[in-house]
Engineer: 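Got a structure for you, written out below as structure tokens; questions coming shortly.
Small disclaimer: the values here were computed from a predicted structure and weren't measured. The figures that follow rest on heavy atoms only: side chains count, while hydrogens, waters and symmetry mates do not.
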Amino acid sequence: MIELPHSPAADRNKQPILDALSRVLGAGGSALEIASGTGQHVTAFASALRQWVWQPTDVDANMLPALASRIEDAGLPNLRPPLLLDVTAPQWPSHGAALTKSFDAIYCANMLHIAPPAACAGLMRGAARHLLSGGMLITYGPYFDESPPAPTNRAFDESLRARNPLWGIRRLKDVAAEAQRHGLVLRERHEMPANNLLLVFVLA
């Protein structure tokens, strides 16, 4: 039996994110999750939003067995087996046949600050390829905007850059500009607990 990884932070933030998604998402559709990690988010969302079909993915092949096990244990008909997906790869998913269907929504949490800047460009480029017209890219995590950063976010950013100089909290205006280069317009910004933001980009 696979011992399932567990993220306390994912447990803490899944309900506030679900509350926001319930307001943002439409009556039903298909959603692609980027960087599913432990799968705690996607299983919670699929359980609560049964009218949405969820496709989880992760870049770490070592995470996929545990992720697949959590999904199988959930036993939800609207939750698909996970795929290996690197947002910077020219094809999604990274191995096997390319995705042939388009999605109503793409959801990505807590990835941009623990990935190099190329991941942001890759996410936007891939979202433009795989979203339906009018579809939403929804991102969640910490961002720096024009206001002074919260001390916790500043300390978190310093710790990230100490671990890897290519990591760090991204500036909101830079992320929005990268999105716009690929036809995605920032439509909504939702303040979330612990100085995080939930952003909704729409494919024009």
Side-chain angles (χ1 to χ4, degrees), residues 1-14 17-18 21 25 29-49 52-131 135-142 160 163-164 166-170 175 196 198-199 201:
M1 178 178 289
I2 297 174
E3 183 176 352
L4 299 182
H6 179 266
S7 165
D11 264 352
R12 287 194 302 271
N13 61 37
K14 67 184 180 184
I17 296 173
L18 176 58
L21 290 180
L25 294 175
S30 59
L32 174 68
E33 184 185 42
I34 303 295
S36 296
T38 64
Q40 290 166 253
H41 277 182
V42 75
T43 51
F45 301 161
S47 179
L49 303 171
W52 280 82
V53 176
W54 295 84
Q55 174 61 68
T57 71
D58 202 80
V59 69
D60 186 354
N62 294 324
M63 285 294 297
L64 289 188
L67 179 55
S69 183
R70 175 169 267 123
I71 289 166
E72 185 176 357
D73 290 349
L76 297 168
N78 60 328
L79 186 53
R80 300 287 182 254
L83 299 172
L84 185 67
L85 191 153
D86 178 350
V87 294
T88 64
Q91 173 187 294
W92 288 8
S94 308
H95 297 287
L99 293 170
T100 57
K101 67 169 290 180
S102 296
F103 294 88
D104 299 282
I106 295 175
Y107 167 76
C108 178
N110 290 323
M111 183 194 80
L112 294 179
H113 58 283
I114 52 172
C120 181
L123 175 65
M124 301 309 174
R125 189 165 52 245
R129 287 198 312 267
H130 292 290
L131 279 174
M136 293 175 286
L137 169 64
I138 301 166
T139 69
Y140 167 89
L160 289 170
R163 291 164 59 192
N164 187 325
L166 294 177
W167 292 4
I169 296 177
R170 306 303 171 194
V175 174
N196 289 300
L198 185 137
L199 306 176
F201 300 89

Engineer: Kindly indicate whether the side chain of Ser69, heavy atoms from C-beta on, has any atom under 4.5 Å from the side chain of Leu4.
Structural biologist: yes

Engineer: Specify the closest pair of heavy atoms between Pro5 and Arg70, including all atoms of both residues, with the distance to one decimal.
Structural biologist: O-NH1, 3.0 Å

Engineer: Taking only residues two or more places apart in sequence, or in another chain, which ones meet Ser30 in a side chain to side chain contact (heavy atoms under 4.5 Å, CB included)?
Structural biologist: Lys101, Phe103, Asp104

Engineer: Have a look at Thr57 and tell me which of Val87, Leu32, Leu67 forms a side chain to side chain contact (heavy atoms under 4.5 Å, CB included) with it.
Structural biologist: Leu32

Engineer: Okay, side chain of Gln55, backbone of Ile34: is any donor-acceptor separation there less than 3.5 Å?
Structural biologist: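 Not a single qualifying donor-acceptor pair exists.
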
Engineer: Quick one: CG on Leu64 to CG on Leu85, what's the gap to the nearest 0.5 Å?
Structural biologist: 10.0 Å

Engineer: Considering residues at least two apart in sequence or located in another chain, which fulfil the side chain to side chain contact (heavy atoms under 4.5 Å, CB included) criterion with Pro8?
Structural biologist: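 Testing Pro8 for side chain to side chain contact (heavy atoms under 4.5 Å, CB included), a comparison that skips the adjacent residues, returns His6, Arg12.
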
Engineer: Does Asp60 have any salt bridge (charged side-chain N to carboxylate O under 4.0 Å, His left out) partners at least two apart in sequence or in another chain, and if so, which?
Structural biologist: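 Not a single residue meets the salt bridge (charged side-chain N to carboxylate O under 4.0 Å, His left out) criterion with Asp60.
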
Engineer: Any heavy-atom pair between the side chains of Trp52 and Leu21 that's under 4.5 Å?
Structural biologist: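 No - every pair of side-chain heavy atoms lies 4.5 Å or more apart.
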
Engineer: Give, for atom CD of Glu72 and atom OG1 of Thr43, the distance between the pair rounded to the nearest 0.5 Å.
Structural biologist: 13.5 Å

Engineer: For residues Ala46 and Asn78, report the shortest heavy-atom separation together with the two atoms involved.
Structural biologist: O-ND2, 3.0 Å

Engineer: Please list, chain by chain and in numerical order, all residues satisfying side chain to side chain donor-acceptor pair (under 3.5 Å) with Thr139, sequence neighbours excluded.
Structural biologist: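 Residues passing side chain to side chain donor-acceptor pair (under 3.5 Å) with Thr139: Tyr143.
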
Engineer: Per the ring pair (Phe, Tyr, Trp, His ring centres under 6.0 Å) rule, what does the pair list look like for residues 59-94, sequence neighbours excluded?
Structural biologist: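 Every pair satisfying ring pair (Phe, Tyr, Trp, His ring centres under 6.0 Å) with a residue in residues 59-94: Trp92-His130.
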
Engineer: Is any side-chain heavy atom of Leu25 closer than 4.5 Å to one of Ile138?
Structural biologist: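 Side-chain contact under 4.5 Å: yes.
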
Engineer: For Ser7, what residues pass the side chain to side chain contact (heavy atoms under 4.5 Å, CB included) criterion, not counting sequence neighbours?
Structural biologist: Ala9, Ala10, Thr38, Gln40

Engineer: For residues 106-128, tabulate all N or O donor-acceptor pairs below 3.5 Å that involve a side-chain atom, not counting sequence neighbours.
Structural biologist:
residue: Tyr107; atom: OH; partner: His41; partner atom: ND1; Å: 3.0

Engineer: Above 12 or not: heavy atoms from other molecules or residues under 6.0 Å from CD of Gln91?
Structural biologist: yes

Engineer: Name all residues meeting the side chain to side chain donor-acceptor pair (under 3.5 Å) criterion together with Ser47; count only those two or more places apart in sequence or in a different chain, and write none if there are none.
Structural biologist: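 Not a single residue meets the side chain to side chain donor-acceptor pair (under 3.5 Å) criterion with Ser47.
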
Engineer: Please name all residues satisfying side chain to side chain contact (heavy atoms under 4.5 Å, CB included) with Ala48, sequence neighbours left out, ordered by chain then number.
Structural biologist: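 Per chain and number, Ala48 pairs via side chain to side chain contact (heavy atoms under 4.5 Å, CB included) with Leu18.
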
